[in-house]
Amino acid sequence: MSQKAPRQFFKPLAAGAPEPMRDLPVRLERMIHFVPPHLDKVRAKVPAMADSADVILGNLEDAIPADAKAAARAGVIEMAGMIDWQARGTGFWSRVNPLNSPWFQDDVSDLVLKAGHQLDVLMIPKVEGPWDIHFVDQYVAQLEAKAGLSRPILLHAILETAEGVARVEEIALASPRMQGISLGPADLAASRKMKTTRVGGGHPSYRVIEDPREDGGPRASAQQDPWHYTVAKMVDACGMAGIKPFYGPFGDIADLEACEQQFRNTFLLGCVGTWTLHPSQIAVAKTVFSPDPEEVRFARRVLAAIPDGAGVAMLDGKMQDDATWKQAKVICDLADQVAARDPDLAAAYAG
Ligand code: GLV
Ligand code: MG
């Protein structure tokens, strides 16, 4: 038997470390906005960004040059003290370097010891199996005890290796510290030897085509979503484990239309949020990952039509029953969470 006994699962992994959380904190995490923490000019904008994004993440991994890794780490620690993250209600995360890198150990120990009170989540890249999570889990527990933290720091895995995708369920279940999983389409494409040079989104050659037409006319053809399988697999693994699935980066910053479509496909499949790499993507993520006011109004009517959640009703010619009540509840619960943080949307949902 390789699984921990249920009674052991919620015991701290180090003497003096906080108890693991039984439920995830209720937080709106529609976008995780990536900040390069070594750049003074960008860091100075963090307090303003914390008002527009649900989560701010100080990135230490890819895109940060090797000679800036130490400055980036110091930058995240400085960011921790720039505002009162808890009071502001904005998530404060960091993406550390991978476990096999020369920076991982110092990244995690510096962040937990010097910024642990502010830090909500550590994002761990290139997770290949539950053993990676177990190692980080134990290491973070020791550091939490040393730092005297009372609130556990959660872990978020990036799904970006073929091995990780094959083991996504085990990763999702590896620890009560797991908060969620993001798709990492760039590294995953490389790991799987997909023939693309893009970061997320579709590909003009990945498409379906209509059968030959009798009139010999041009055949209809449309691009398909190459990420559909992985996102759906990740959503199921996260749903099973009671943690949150996220889309990751969309690299074509200029193409906000394609960005919106990629975000929307993952929202419809069950993801709760996405990464944003540029301020212009924050507004896109906000639109996509907040439910549509029209849909919220309809969902509220479904709940009202079946007040105790069981039975059947017809609304505008559409059959409603216990299952559609549950679907409507997902939308209404999300709308309530969004309304609590976003006055504009609160008004739209109330109308
Ligand atoms: C993100 O880290 C990715 O590799 O897409
Ligand atoms: Mg990556």
Side-chain angles (χ1 to χ4, degrees), residues 29 31-38 53 55-66 68-69 72-73 76 93-104 107-108 121-129 132-133 136 155-168 171-172 178-203 206 225-235 237-238 244-253 255 258-259 261-263 265-266 269 271-278 281-282 284-285:
E29 290 162 336
M31 72 295 293
I32 305 160
H33 189 61
F34 270 54
V35 172
H38 58 301
V55 175
I56 298 288
L57 175 145
N59 179 27
L60 302 182
E61 200 221 8
D62 291 355
I64 307 300
K69 294 286 188 190
R73 196 185 292 142
V76 175
W93 299 20
S94 182
R95 175 170 80 165
V96 297
N97 286 288
L99 275 80
N100 61 359
S101 73
W103 304 290
F104 171 82
D107 285 351
V108 176
V121 175
L122 283 173
M123 185 182 271
I124 313 297
K126 301 174 178 69
V127 173
E128 302 202 312
D132 288 340
I133 300 300
V136 183
L155 300 181
H156 181 110
I158 313 180
L159 196 59
E160 54 182 352
T161 65
E163 200 169 358
V165 174
R167 297 205 174 90
V168 63
I171 293 169
M178 284 296 293
Q179 175 272 351
I181 301 181
S182 289
L183 175 75
D187 270 301
L188 182 55
S191 164
R192 282 177 171 160
K193 303 200 177 353
M194 289 169 70
K195 310 302 182 292
T196 78
T197 53
R198 299 167 173 226
V199 178
H203 190 286
Y206 191 79
D225 180 357
W227 305 107
H228 177 269
Y229 152 76
T230 316
V231 170
K233 186 169 178 174
M234 176 180 76
V235 167
C238 289
K244 296 178 172 184
F246 293 77
Y247 179 69
F250 187 85
D252 190 345
I253 305 296
D255 192 352
C259 174
Q261 190 60 56
Q262 176 71 81
F263 287 179
N265 290 350
T266 64
L269 284 183
C271 288
V272 300
T274 182
W275 302 5
T276 50
L277 306 181
H278 186 272
Q281 292 184 342
I282 294 178
V284 177

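We count ligands from 1, going down the list as the structure has it; atoms in each ligand are counted the same way.
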*Keeping waters out of it, list the protein N, O or S atoms under 2.8 Å from the Mg ion (ligand 2).*
Glu160 OE1, Asp187 OD2

*Would you call Lys126 and Asp187 a salt bridge, taking side-chain N to carboxylate O under 4.0 Å as the test?*
yes

*Among protein heavy atoms, which lies nearest atom 1 (C) of ligand 1, and at what distance?*
Glu160 OE1, 3.5 Å

*asked:* Please work out, at 4.0 Å between heavy atoms, whether the side chain, the backbone, both, or neither of Pro249 comes within that distance of ligand 1.
replied: side chain

_Gln262 to Gly202 - nearest heavy-atom pair and separation_ = OE1-N, 4.5 Å

*For a side chain to side chain contact (heavy atoms under 4.5 Å, CB included) with Met31, tell me which candidate from Ile282, Ile56, Val55, Val284 qualifies.*
Ile282

*Any idea which atoms of ligand 1 are less than 4.0 Å away from a heavy-atom of Asp187?*
3 (C), 4 (O), 5 (O)

*asked:* Please classify the Met123 to ligand 1 contact at 4.0 Å (heavy-atom distances, strictly less than): side chain, backbone, both or neither.
replied: neither

*So, Asp107 side chain and Asn97 main chain: donor-acceptor pair closer than 3.5 Å or not?*
yes

_Non-hydrogen atoms of Gln281 and Phe263 that approach each other most closely_ = O-CE1, 4.1 Å

*asked:* Keeping Trp275 on the side-chain end and Phe250 on the backbone end, is there a donor-acceptor pair under 3.5 Å?
replied: no

*Tell me, please: is Gly248 in heavy-atom contact with ligand 1, that is, under 4.0 Å?*
no

*Does ligand 1 have any atom sitting under 4.0 Å from a heavy atom of Glu61?*
no

*Under a 4.0 Å heavy-atom limit, does Trp275 contact ligand 1 with its side chain, its backbone, both, or neither?*
side chain

_Side chain to side chain, Met234 and Cys271, heavy atoms closer than 4.5 Å_ = yes

*Distance-only, no hydrogens or angles: does the Ser94 side chain make a donor-acceptor pair with backbone N or O of Gly58 under 3.5 Å?*
yes

*Closest protein heavy atom to atom 5 (O) of ligand 1, given as residue, atom name and distance to 0.1 Å*: Ala186 N, 2.7 Å

*asked:* Can you see whether Thr230 engages Arg192 through a side-chain donor-acceptor pair at a distance of less than 3.5 angstrom?
replied: yes

*May I ask you to check if ligand 1 and Pro185 share an N or O to N or O distance below 3.5 Å?*
yes

*Is there a donor-acceptor pair under 3.5 Å between the side chain of Arg95 and the backbone N or O of Asp62?*
yes

